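Everything below concerns the one structure shown next.
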Amino acid sequence: MATIADVQTTSAGARSNWLSKVRVTPGRAVAHLALLLLVVIWTVPTFGLLISSVRDKDQLAVSGWWTSLTTVERSSAGVLGTAEDQVEEGGQYVIRGNVLAEGSNETIVSFGTSINNPTEFSVGSPAQMRVGGEIIVSEDGSYVWTSPTAFEHDRVRLFYTSAVPPRFTLENYTEVLTSAGIGRAFVNSFTVTVPATIIPILIAAFAAYALAWMRFPGRTLLVALMVGLLVVPLQMSLIPLLRMYNGIATTFGGNSKTYLGIWLAHTAFGLPLAIYLLRNYMAGLPREIMESARMDGASHFQIFATMVLPLSFPALASFAIFQFLWVWNDLLVAIVFLGQSSDELVLTGQLRALLGSRGDNWEILTAGAFISIIVPLIVFFSLQRYFVRGLLAGSVKGG
């Protein structure tokens, strides 16, 4: 029969085991902190972009997203009524109006008659105008301008500082979605991205199996060449590849600005990484399975189609995510190989066109950014369970 001392000893041992399991080593703590830092670095700008995309475009132009929940002050100017708007009341000439736009939710904090001092007078206090008369401005922007003599001015501006409360709206998304060409650009992006993702996967899968499990002369040299192509800059090879493709198209009497050209370009740029990932993954598959299949008389194609491809799905999904994200967000290759006409422009190109020549429409940029990442997010979250598994397996295994 267990004694109290035995129970206490058992409890102490269990507690010691539990503490040893939850004890965090310095290396693990550093890894967790690094992961947390990466999450913050990615999340904060994305969150700021989301907040900016639903802010009023006037507020977005004058303040950062971190001030979106606070009331901010800004300086502006409003046009007062002219001499034609005056009425005579009790021996005084009066002009009434409002310096704020209709429907504005701002409140006047202070005002002035000079652009250099928009805070000269507080609301409710009288101020002498340079063209004559006295004006009183209320918080809602309404004013009363009185003068003992008739007004004769044409145009006078009043400078003021107003408090702008936070305002969130979906007008930015409406403007982007209803702009001409956005729907066509979505279709064009799918037309480019889907084949440019599938084609390199098909080619790379066959090449990776050959480099991993077939023995032939020059195999090692091909692997080294493939690794070397990973470091070739896209910008350096873009123009030579375009010239070569234009020459081929001219020889056969075709048009160089077609979807076929951009599919081949994205395939060429994506193949080195695809072959590298898939070859490393396939080389790490159990050798016993391959040998058993060969002993049963299976050909290389049968082994590849019935065994290797199903087992390599995590690596295929990993590269599919990489390739899809890159092609969907690409602008340079699309402009070079597809052109900039309205019938061929992809989504990134169409959003760039909406920014204008000066690129100052920040509300278009922020809303368009989130519209453009909807499809990549769907793809990523659909395949993310295979993502890390495929990358890790492809990075540590080899043959």
Side-chain angles (χ1 to χ4, degrees), residues 52-65 67-176 178-179 354-367:
S52 299
S53 67
V54 294
R55 293 186 69 196
D56 180 76
K57 61 181 180 180
D58 294 330
Q59 297 181 13
L60 181 62
V62 298
S63 62
W65 64 268
T67 64
S68 59
L69 297 179
T70 60
T71 300
V72 296
E73 292 187 358
R74 71 182 184 115
S75 299
S76 186
V79 179
L80 301 177
T82 63
E84 298 178 354
D85 301 320
Q86 64 182 325
V87 293
E88 186 176 359
E89 298 178 359
Q92 295 280 334
Y93 293 91
V94 181
I95 298 178
R96 290 184 172 87
N98 197 305
V99 294
L100 298 177
E102 185 178 355
S104 174
N105 59 349
E106 303 176 43
T107 56
I108 303 296
V109 177
S110 57
F111 67 97
T113 59
S114 171
I115 190 175
N116 298 321
N117 191 7
T119 61
E120 184 178 1
F121 305 99
S122 58
V123 292
S125 60
Q128 294 295 326
M129 299 295 292
R130 296 183 178 181
V131 296
E134 185 179 79
I135 190 171
I136 298 176
V137 181
S138 303
E139 288 186 354
D140 60 356
S142 60
Y143 63 86
V144 179
W145 188 4
T146 60
S147 174
T149 59
F151 293 101
E152 299 179 354
H153 64 276
D154 293 327
R155 177 185 172 89
V156 175
R157 291 196 301 170
L158 184 74
F159 304 92
Y160 61 87
T161 301
S162 61
V164 185
R167 178 175 178 265
F168 299 98
T169 177
L170 296 178
E171 294 176 357
N172 301 333
Y173 287 94
T174 303
E175 184 176 357
V176 172
T178 57
S179 298
L354 293 178
L355 289 176
S357 58
R358 294 178 295 176
D360 53 356
N361 298 330
W362 287 100
E363 71 280 1
I364 298 296
L365 180 62
T366 54

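The shown structure was predicted, so the numbers you read here are calculated from the model rather than taken from an experiment. Residue indices begin at 1 and follow the sequence shown.
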Problem set entry | Close side-chain approach of I95 and F151, heavy atoms under 4.5 Å | yes
Exercise. S142 side chain to S138 main-chain N or O, any donor-acceptor pair under 3.5 Å?
Worked result: no
Seminar exercise, completed: When rounded to the nearest 0.5 Å, the distance separating OG1 of T161 from CD of E120 is 11.5 Å
Seminar exercise, completed: Closest non-hydrogen contact found for A367 with V176 is CB-CG2, 4.0 Å
Exercise. With respect to P118, which candidate in F159, Y160, F111 satisfies the side chain to side chain contact (heavy atoms under 4.5 Å, CB included) definition?
Worked result: F159
Exercise. Taking all atoms of both residues into account, what is the closest heavy-atom pair of R157 and A77, and its distance?
Worked result: NH1-CB, 4.4 Å
Seminar exercise, completed: Minimal heavy-atom distance between E139 and V123, with the atoms involved, is CG-CG2, 3.8 Å
Exercise. For V156 and M129, which heavy atoms make the closest approach, and how far apart are they?
Worked result: CG1-CE, 3.8 Å
Exercise. Is it true that atom CD of Q92 has more than 12 heavy atoms of other residues, nucleotides or ligands lying nearer than 6.0 Å?
Worked result: yes
Exercise. Is the shortest heavy-atom distance from the side chain of E134 to the side chain of S147 under 4.5 Å?
Worked result: no
Exercise. CD/E171 to CG/D56 distance, rounded to the nearest 0.5 angstrom?
Worked result: 7.0 Å
Exercise. Is there side-chain contact between S162 and R74, with heavy atoms separated by less than 4.5 Å?
Worked result: yes
Seminar exercise, completed: Here the pair of heavy atoms bringing W145 nearest to G81 is CZ3-O, 4.0 Å
Seminar exercise, completed: So CG of L69 and CZ of F168: to nearest 0.5 Å the spacing works out to 5.0 Å
Seminar exercise, completed: To the nearest 0.5 Å, atom OG of S114 lies from atom CG of L158 at 11.0 Å
For this session: Can you see which heavy atom on D140 is nearest to which on N98, and at what distance?
Result: O-ND2, 3.2 Å
Exercise. Do other residues, nucleotides or ligands put more than 12 heavy atoms under 6.0 Å from the CD atom of E89?
Worked result: yes
For this session: Taking the side chain as every heavy atom from C-beta outward, state whether L80 and I135 have any atom pair closer than 4.5 Å.
Result: yes
Exercise. Mind checking whether R55 and T67 have side chains closer than 4.5 Å, heavy atoms only?
Worked result: yes
Exercise. Are the side chains of V54 and N172 in touch, meaning some heavy atoms are under 4.5 Å apart?
Worked result: no
